[in-house]
Amino acid sequence: MFEVLDYPFMQRALLAALLIGAAAPAVGIYLVQRRQALMGDGIGHVALTGVALGFLFNTSPVWMAVAVSAVGAVAMELLRSSGLARGDIALAMLFYGGMAGGVMIINLAPGGSTANLTSYLWGSVTTVSPADITAILWLSAFVLLISLGLRRQLFAVCQDEEFARVTGLPVRALNLLLAVTAAATVTVAMRVVGLLLVSALMVIPVVAAQQATRGFAMTLAAAIGFGVLVSLSGTVTSYYADVPPGATIVLIALSLFALASLLALPLARRRARRALPAQAPAPAPEPAARP
Amino acid sequence: MEPVISLTGVTAELGGRPVLRGVDLTVRPGEVVALLGANGSGKSTAVRATVGQVPVSGGELRMFGTAVHRFRDWRRLGYVPQRSTATGGVPATLREVVSAGRLARRGLRPLGRADRAAVDRALDLVGLADRAGDSVDALSGGQHQRVLIARALAGEPELLVLDEPLAGVDLASQAILADTLRAQLDRGATVLLVLHELGPLRQLIDRAVVLAHGRVERVVERPGDVGDGVAPLPEESACHPPPANGPRPGGWEVPPGRGPHDPLGRAVGPTLQTGIL
């Protein structure tokens, strides 16, 4: 039954899926909290330019993608916090620039063509090399260390930035750290689900988890559990059914989200009923004529 | 004694528009000072400048004797921003939100047992200890405001700065807020708060400072002693009564269905404004 584990390439694939399934929602939860669910997509498009630069300079595409997408994520954060550009417009520019830059540069690379980008666009977890595994291991360890170790601080910054600044937290540094962490996550996940579907693994497990949870720590734990579940089961399914792993993982995640929302419906109704007496506004001090 | 907060001729701009045009204000230890004024009078900007969130373009602003841009001792301050700023796309429990108030003391270090005890005490102070594990999304406006005050109290600050703590708060929560503030005063805290009207906090306030167009218009000592009667202060005719027709420039915001009040909460018309205290 575990013949899937007999092949070294599948051992690597499952290890990569496990690490990414845990790391992606751990960062994604902060982006969802700050209502920047699409930021992962923006970074993914920029990472494409990094991959192409890796081909052009004949260096590791993964580490080049880490560097370029970190620069892109920091630029996006600086634009957001300075208020120079609206968040969605900064994001749109990054989408177009990253995509066009990637296609242009890969065609400048000797012998390069857009075909080289395909495995990064759609992911190919079953072709992960031992060198890739080392990179994935380091990057996901960094991502989990930041997103779990600083969870109270990052929670405070994403929940209420002004309050966080007044508590004396280094808010700008934490925001930049979060941006770099998100960039690292995207480049880790691109080998598994592909750059175009990266954000799905950062967002869907979080949204599925919060259908049933009341608190942040609970949502974080459940999202990591869901992330690991969908990425492992998607990789195994893709092996047996001979279907693309990235798309399988995302479709399983979406099914999980649908199931969670369906199961949470009665729960939500019960909570709404219970909250109703508390929600009812107390009568405002109405003007009343004095006798 | 050294003032906790002192503003001397403070000016500030928002988007190139002058909002504070030379504000003088002193808050001494143990005092409760209320900032009142119409929308756009600069009262919120004044407190946000005090907590370092709006840059001061002129004059001098000191916190505990230190120029505000050099002030780093944030654990001495508990800040309650306007309620609209605290929203997130992920559920959070009351305990999680209130725990953020301990970060002024812990910084980047993890929270310990003493921090959890302080969070429990703060939730208890605002009467929400039994709902510590609930999601903040399930709270009413008044309960949510109490959570934000608990978050500020969790750090056990010497100075509380509250921006419109009574906005959108039902009467029951207003009474709890007044009790909470009184308990803080009893332990020696200093309070600066922005209000639309004094309401149930009237008796607690040492000084009411009325701002208009970015300047201090007038100062009323112990507004609670002035009484609740219809007899206006002599200077009151300067801004009241309102003209019968047309919007008043810089006029007080009077919620529909409520009688006209001046900002100190004295009923101008025949209205019931005795409140809870």
Side-chain angles (χ1 to χ4, degrees), chain A residues 28-37 83 149-153 155-170 173-174 203 206-207 209-220 223 271-272 274-291, chain B residues 48 51-53 72-75 77-81 85-93 95-97 99-108 110-111 131 133-135 137-143 148 151-152 155 161 168 170-173 199 255 257-259 267 269-273 275:
Chain A
I29 192 168
Y30 300 106
L31 303 182
V32 173
Q33 192 189 11
R34 214 163 51 184
R35 302 178 197 283
Q36 286 189 307
L150 291 175
R151 67 181 185 284
R152 287 187 187 280
Q153 288 76 12
F155 167 80
V157 169
C158 294
Q159 179 84 5
D160 190 344
E161 199 166 311
E162 176 156 318
F163 179 82
R165 277 197 300 267
V166 175
T167 59
L169 279 178
L174 285 169
V203 172
V206 175
V207 186
Q210 70 185 34
Q211 298 304 312
T213 53
R214 282 183 295 185
F216 187 83
M218 204 42 146
T219 309
L220 180 59
R271 269 196 201 135
R274 219 178 37 211
L276 207 58
Q279 287 278 24
E286 287 296 320
R290 281 188 177 152
Chain B
R48 294 187 66 228
V51 298
Q53 295 307 303
R72 294 288 174 273
D73 209 1
W74 295 107
R75 66 174 63 191
L77 166 70
Y79 177 48
V80 182
T85 62
T87 52
V90 174
T93 63
R95 189 190 302 281
E96 286 169 334
V97 172
S99 295
R102 291 300 290 180
L103 294 175
R105 290 179 175 268
R106 305 305 295 173
L108 298 180
L111 301 189
R131 304 201 55 183
D134 284 359
S135 169
D137 297 335
L139 298 182
S140 71
Q143 289 168 330
L148 297 193
R151 181 176 67 175
V161 175
D170 54 78
L171 277 180
S173 285
R258 305 191 61 170
T271 56
L272 186 68
Q273 185 61 33

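All heavy atoms count here, side chains included; hydrogens, waters and symmetry mates do not.
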| task | Indicate yes or no: at least one non-hydrogen side-chain atom of Arg165(A) is less than 4.5 angstrom from one of Trp74(B). | result | no
| message | Is Ile29(A) in contact with chain B via its backbone, its side chain, both, or neither, using a 4.5 Å heavy-atom distance? | response | both
| query | Where on Glu96(B) is there a heavy atom nearer than 4.5 Å to chain A: the side chain, the backbone, both, or neither? | reply | both
| Is it the backbone or the side chain of Arg102(B) that comes under 4.5 Å from a heavy atom of chain A, or both, or neither? | neither
| field | Segment of Val97(B) engaging chain A (4.5 angstrom heavy-atom cut-off) | value | both
| query | Is it the backbone or the side chain of Leu77(B) that comes under 4.5 Å from a heavy atom of chain A, or both, or neither? | reply | side chain
| remark: From the list Ser99(B), Gly52(B), Ala104(B), Gly142(B), the residue making the most non-hydrogen contacts under 4.5 Å with chain A is Ala104(B)
| Gln33(A) and Phe216(A): CA distance, side-chain angles, deciding distance, side-chain contact (heavy atoms from CB on, under 4.5 Å) verdict | CA-CA 9 Å; Gln33(A) 192 189 11; Phe216(A) 187 83; 3.7 Å; yes
| query | If you measure from CG on Leu148(B) to CD on Gln143(B), what distance do you get to the nearest 0.5 Å? | reply | 12.5 Å
| field | Close side-chain approach of Pro81(B) to Arg151(B), heavy-atom, < 4.5 Å | value | yes
| query | Based on non-hydrogen pairs under 4.5 Å, which of Asp73(B), Val51(B), Leu103(B) is most in contact with chain A? | reply | Leu103(B)
| request: Look only at the side chain of Arg214(A) and the backbone of Ser135(B), and say whether a donor-acceptor pair between them is shorter than 3.5 Å. | output: no
| Whether Gln210(A) side chain and Gly89(B) backbone form a donor-acceptor pair below 3.5 Å | yes
| query | Quick one: does Arg151(A)'s side chain get under 4.5 Å of Tyr30(A)'s, heavy atoms only? | reply | yes
| request: Let me know if Phe155(A) has heavy atoms under 4.5 Å from chain B in its side chain, its backbone, both or neither. | output: side chain
| field | Structural part of Ala164(A) lying under 4.5 Å from a heavy atom of chain B | value | neither
